[in-house]
Undergrad: 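Mind having a look at this structure? Questions to follow.
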Amino acid sequence: MSQMLQMFQQAGAAQFSAMIGQVAPYFASIAPQMVELRPGYAEVHFAKRREVLNHIGTVHAIALCNAAELAAGSMTDASIASGCRWIPKGMTVEYLAKADGDIRTVADGSAVDWSQTGDISVPVMAYVGDKPVFRAQITMYVSQA
């Protein structure tokens, strides 16, 4: 079991979410709440608040990217084979609609072959309620540690 998944299970969602900003301070900028983490799936929420808004009053594109990377990275860590490590290599994003509310970000890796190494494409979607507002494909480079 990955160290990140073990921390999530032992600390619980609220405490784990508080620890993320200590481990990777930039993630704290969106005040993320890790709702669920398991192999092949991660869900991160963050609130629409002044600190994440752009000039038109919607959630800033980079705040969405930040949540996507957190969800994809956490899920990748929980999913890859023991003895492997990962690093984000690239991200392609699409902004589908104005992000005008609280954000729910989902990395669903259920269709990913986690036994492979090399470049792995991780899909991520972000929603306001049930409305899709953002889509990303994050390339993770997975290698033997």
Side-chain angles (χ1 to χ4, degrees), residues 1-49 51-54 58-97 99-145:
M1 176 184 305
S2 83
Q3 187 175 12
M4 188 170 294
L5 181 57
Q6 188 174 19
M7 282 181 3
F8 179 78
Q9 291 177 343
Q10 290 176 349
Q15 186 64 28
F16 180 83
S17 298
M19 292 185 316
I20 286 174
Q22 300 299 314
V23 175
Y26 186 69
F27 288 131
S29 68
I30 62 168
Q33 297 298 309
M34 181 71 71
V35 174
E36 189 170 351
L37 176 61
R38 64 179 191 269
Y41 187 87
E43 187 170 328
V44 175
H45 295 187
F46 71 96
K48 177 186 176 191
R49 60 190 218 295
E51 294 83 356
V52 298
L53 299 183
N54 59 26
T58 60
V59 176
H60 195 282
I62 299 306
L64 294 166
C65 290
N66 197 353
E69 186 177 341
L70 175 57
S74 299
M75 183 196 55
T76 298
D77 195 80
S79 303
I80 59 177
S82 178
C84 286
R85 61 183 175 197
W86 62 274
I87 189 163
K89 185 175 175 183
M91 181 186 299
T92 302
V93 300
E94 295 176 80
Y95 305 103
L96 307 173
D100 55 1
D102 295 345
I103 304 296
R104 177 175 59 95
T105 308
V106 176
D108 182 354
S110 59
V112 174
D113 178 3
W114 292 107
S115 66
Q116 66 181 329
T117 56
D119 290 350
I120 296 177
S121 183
V122 177
V124 183
M125 291 292 297
Y127 305 88
V128 171
D130 291 332
K131 176 179 73 172
V133 296
F134 171 92
R135 176 181 18 243
Q137 287 291 329
I138 302 179
T139 302
M140 300 294 188
Y141 180 73
V142 177
S143 62
Q144 294 294 318

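Quick caveat: nothing in here was measured; it's all calculated off a predicted structure.
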Undergrad: Heavy-atom distance under 4.5 Å between the side chains of Met125 and Asp108, does that happen here?
TA: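 Met125 does not reach Asp108 side chain to side chain.
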Undergrad: To the nearest 0.5 Å, what is the distance between CE on Met140 and CE on Met91?
TA: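 The CE atom of Met140 sits 7.5 Å away from the CE atom of Met91.
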Undergrad: For Asn66 versus Ser29, what's the shortest heavy-atom pair and its separation?
TA: ND2-OG, 3.1 Å
Undergrad: Shortest non-hydrogen contact from Val112 to Ser121?
TA: CG2-O, 3.8 Å
Undergrad: Is there a donor-acceptor pair under 3.5 Å between the side chain of Ser79 and the backbone N or O of Gly40?
TA: yes
Undergrad: So Pro32 and His45, do their side chains get closer than 4.5 Å, heavy atoms only?
TA: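 Contact flag for His45/Pro32 side chains = no.
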Undergrad: Could you walk me through whether Val128 and Ile103 pass the side chain to side chain contact (heavy atoms under 4.5 Å, CB included) test, one step at a time?
TA: CA-CA 5 Å; Val128 171; Ile103 304 296; 3.6 Å; yes
Undergrad: Please walk me through it: do Ile80 and Ser2 pass side chain to side chain contact (heavy atoms under 4.5 Å, CB included)?
TA: CA-CA 8 Å; Ile80 59 177; Ser2 83; over 6 Å; no
Undergrad: Check whether any side-chain heavy atom of Arg135 sits under 4.5 Å from a side-chain heavy atom of Leu96, and report yes or no.
TA: yes
Undergrad: Write out all pairs satisfying ring-ring contact (aromatic ring centres under 6.0 Å, His included) with one or both partners inside residues 126-145, taking only residues at least two apart or from two chains.
TA: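 Output for this query lists Tyr95-Phe134.
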Undergrad: Got Arg38 and Phe8 here, is their nearest side-chain heavy-atom distance under 4.5 Å?
TA: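 A side-chain contact under 4.5 Å is absent here.
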Undergrad: Is there side-chain contact between Leu70 and Ile20, with heavy atoms separated by less than 4.5 Å?
TA: yes
Undergrad: Applying side chain to side chain contact (heavy atoms under 4.5 Å, CB included), run through Val93 and Cys65 and close with a yes or a no.
TA: CA-CA 8 Å; Val93 300; Cys65 290; 3.9 Å; yes
Undergrad: State, with a plain yes or no, whether a side-chain heavy atom of Asp100 is found less than 4.5 Å away from one of Lys131.
TA: yes
Undergrad: With a 4.5 Å limit on heavy-atom distance, are the side chains of Phe46 and Val59 in contact?
TA: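 A side-chain contact under 4.5 Å exists here.
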Undergrad: Using side chain to side chain contact (heavy atoms under 4.5 Å, CB included), reason through Lys48 and Leu53 one step at a time and then give a plain yes or no.
TA: CA-CA 7 Å; Lys48 177 186 176 191; Leu53 299 183; 3.6 Å; yes
Undergrad: Indicate the atoms forming the closest heavy-atom contact of Met75 with Ala42, along with that distance.
TA: CB-CB, 3.8 Å
Undergrad: Any heavy-atom pair between the side chains of Asp77 and Leu5 that's under 4.5 Å?
TA: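 No - every pair of side-chain heavy atoms lies 4.5 Å or more apart.
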Undergrad: Go through the steps for Asp119 and Thr139 under the test side chain to side chain donor-acceptor pair (under 3.5 Å), then give the verdict.
TA: CA-CA 6 Å; Asp119 290 350; Thr139 302; 6.0 Å; no
